[in-house]
Amino acid sequence: MRIFSKTLSNPRRLLFCLCAGLLLSWFTLKGTGLHANLDLLCQLHRILSTEADLLSQHNSTGTNSHLSHLKDVKLPRILYTKSDVFNPQRTDVLTVTPWLAPIVWHGTFNRHILNTQFHQIDVRVGLTVFAIKKYTRFLNTFIESAEKFFMVGHKVNYYVFTDRVNEIPNFTFAKGRRLVVLEVPAYERWQDVTMRRMEMIRDFSIKRFVKEVDYLACVDVDMVFLDEVGVEILSNVFGALHPGFFEKSRNEFTYERRPQSSAYIPVELGDFYFAGGYFGGVIEEVIKLTNYCHNAMMADKQQNIEALWQDESYLNRYFLSHKPTKILSPEYIWNNYYGSPAVVKTKRFLGIDKIYDEVRF
Ligand code: 5GW
Ligand code: MN
């Protein structure tokens, strides 16, 4: 009885009881499990929490201390099934590195929790792509699919580096998202087109990105988003497992093996083989990474040597001595050339088949 009257006198509890009662009868009627209706439950709970907060604010308007706003700090309450220490979500793949960086696979994270965390800091994400020469043709699919699947609900700046400014189509963007066209030179050799991305990302990060975004993701443009790529990718510094090498052993990695090159990695070293077309992190870390890679390339150029897989080789060398704080599974940079292995549950970001004669020069 005491509990009952206490409940009635507290608007937050009253609301919660009403909500719980409603839900209970609803579940009984429908006869469905809790799991399938978790989202609805979360939504209801959030609405009611906000109403309860408003009520308690209303009740405390008498206190006009300059600290009174501190009482109303909103703590989002999210409902989800408890993690089970004896039931790992994935047992078929490695989900953490020896230096305790997560490896992000489908099924290992709760997007709802992560979105709440990143909304709390109002995260701003930059996505850089290069569309040099004929590669402007990939932009339409890239941007349109990114609007459907990349960081949905968050602030995004697309940074498009191009030499063909007037070939950039018009797009419509969701709220808080925009495209920034950055005019840059087109290098003669295709190797330089891909390698010089490091220098340009570094320079624009220092000049501009640091003021506009918190994180940067730097990716290839000849790609399409087919499933969600969200805040689960964000970390201090991240890379992605190359789809062609995640099952391979060290000696099969196509690292640069000539000791004269600054991208050299001896056969007894190396953790993973990372894809050149996907890296990122906080701006400061992206500056360190791109600066290292660019300087290593320039040092090699002085000696007339160029690493086997251009920027990808230098990136792999960087990650050997600066371990990424998060690693994306090949779901995040798949290519159907590698088929559809069982461990790849979803192809989030897929390479587009190129007719090489049409795009190469
Ligand atoms: C053109 C011919 C050969 C190699 C690269 C290019 C090229 C690359 C180009 O003409 N224009 C251009 O913007 N790029 C940028 O470099 C694109 O963002 C592209 O996604 C990235 C890497 O080159 P890819 O995608 O041809 O490399 P792979 O390894 O994915 O085939
Ligand atoms: Mn590519």
Side-chain angles (χ1 to χ4, degrees), residues 126-146 150 157-169 171 179-205 209 216-226 229 239-246 248 253-256 263 273-280 286 289-290 293-294 297 306-316 328 330-338 347-361:
L127 182 62
T128 71
V129 276
F130 286 74
I132 308 285
K133 299 183 194 178
K134 291 178 180 174
Y135 276 54
T136 51
R137 70 185 58 194
F138 294 109
L139 266 180
N140 224 355
T141 308
F142 180 91
I143 300 285
E144 276 176 7
S145 64
F150 184 76
N157 281 0
Y158 298 99
Y159 296 114
V160 176
F161 294 77
T162 187
D163 58 323
R164 299 185 179 180
V165 172
N166 48 22
E167 280 182 24
I168 309 302
F171 301 96
L179 187 142
V180 178
V181 179
L182 304 167
E183 192 169 8
V184 291
Y187 284 87
E188 275 290 305
R189 297 171 61 239
W190 67 262
Q191 293 90 338
D192 290 323
V193 169
T194 78
M195 286 200 295
R196 288 284 177 166
R197 290 186 290 178
M198 292 294 185
E199 181 185 26
M200 295 186 214
I201 292 169
R202 178 196 66 184
D203 293 349
F204 276 90
S205 291
F209 305 155
L216 215 54
C218 308
V219 301
D220 268 15
V221 75
D222 55 340
M223 306 288 296
V224 57
F225 290 90
L226 297 179
V229 175
L241 299 182
H242 192 297
F245 296 90
F246 67 100
K248 299 243 155 48
F253 291 167
T254 54
Y255 292 147
E256 173 54 60
Y273 191 80
F274 294 98
Y278 209 135
F279 64 85
V286 172
L289 181 156
T290 50
C293 291
H294 178 63
M297 285 171 195
E306 186 174 275
L308 181 63
W309 289 102
Q310 295 85 37
D311 40 300
E312 186 168 86
S313 303
Y314 297 96
L315 179 71
N316 273 282
L328 310 180
E331 296 161 15
Y332 289 85
I333 182 157
W334 194 252
N335 193 305
N336 279 337
Y337 174 79
Y338 302 108
K347 300 169 181 177
R348 300 174 188 277
F349 190 45
L350 185 71
I352 290 171
D353 282 333
K354 293 182 289 255
I355 301 160
Y356 278 94
D357 288 345
E358 281 184 14
V359 290
R360 298 251 149 147
F361 49 90

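Atoms within a ligand are numbered from 1 in the order they appear, just like the ligands themselves. All residue numbers refer to positions in the sequence shown, counting from 1.
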Can you name the atoms of ligand 1, numbered from 1 with element, that are less than 4.0 Å from a heavy atom of [X]?
X: W190; result: 2 (C), 3 (C), 4 (C)
X: V221; result: 17 (C), 18 (O), 20 (O)
X: A131; result: 13 (O)
X: K354; result: 24 (P), 25 (O), 26 (O), 28 (P), 30 (O), 31 (O)
X: I132; result: 9 (C), 10 (O), 11 (N), 12 (C), 13 (O)

Looking at side-chain heavy atoms only, is the closest gap between [X] and [Y] below 4.5 Å?
X: Y273; Y: W309; answer: yes
X: E306; Y: R189; answer: yes
X: M195; Y: Y187; answer: no
X: V129; Y: L139; answer: yes

What do you reckon, does [X] put a non-hydrogen atom under 4.0 Å from ligand 1?
X: G277; result: no
X: M223; result: no
X: V193; result: yes
X: E312; result: no

field: Criterion side-chain contact (heavy atoms from CB on, under 4.5 Å) on Y278 and F349, from CA distance to verdict
entry: CA-CA 10 Å; Y278 209 135; F349 190 45; 3.6 Å; yes

- prompt: Going through the distances and angles, do F161 and F204 end up as a ring pair (Phe, Tyr, Trp, His ring centres under 6.0 Å)?
  reply: CA-CA 10 Å; F161 294 77; F204 276 90; 5.3 Å; yes

Polar contact flag for [X] and ligand 1 (N/O pairs, less than 3.5 Å):
X: T194; result: no
X: D222; result: yes
X: F130; result: yes
X: D220; result: yes
X: V219; result: no

message: R197 and side-chain hydrogen bond (donor to acceptor under 3.5 Å, both in side chains): which single residue from T128, D192, D220 fits?
response: D220

field: Ring geometry between F245 and F253 (parallel below 30°, tilted from 30 to 60°, perpendicular above 60°)
entry: perpendicular

task: Give the ring-plane orientation class for F225 versus F150, where under 30° counts as parallel, over 60° as perpendicular and anything between as tilted.
output: tilted

- request: Can you figure out which of F138, Y135, F161, Y187 has its heavy atom closest to atom 7 (C) of ligand 1?
  value: Y135

query: Taking it one step at a time, do F274 and F279 satisfy ring pair (Phe, Tyr, Trp, His ring centres under 6.0 Å)?
result: CA-CA 9 Å; F274 294 98; F279 64 85; over 10 Å; no

- prompt: If you measure from each non-hydrogen atom of Q191 to ligand 1, which part falls under 4.0 Å: side chain, backbone, both or neither?
  reply: neither

- prompt: Which part of K134 is near ligand 1, with near meaning a heavy atom under 4.0 Å away: side chain, backbone, both or neither?
  reply: neither

message: Restricting to under 2.8 Å, identify the protein N, O or S atoms around the Mn ion (ligand 2) as residue plus atom.
response: D220 OD2, D222 OD1, D222 OD2

message: Between E256 and Y314, do the side chains contain a donor N or O and an acceptor N or O under 3.5 Å apart?
response: no

message: Nearest 0.5 Å, please: how far is OG1 in T136 from CZ in F142?
response: 14.0 Å

field: Value rounded to 0.5 Å, distance of CG in L182 from OH in Y159
entry: 8.0 Å

- prompt: Has the side chain of D163 got a donor or acceptor atom that lies under 3.5 Å from a matching backbone atom of K133?
  reply: yes

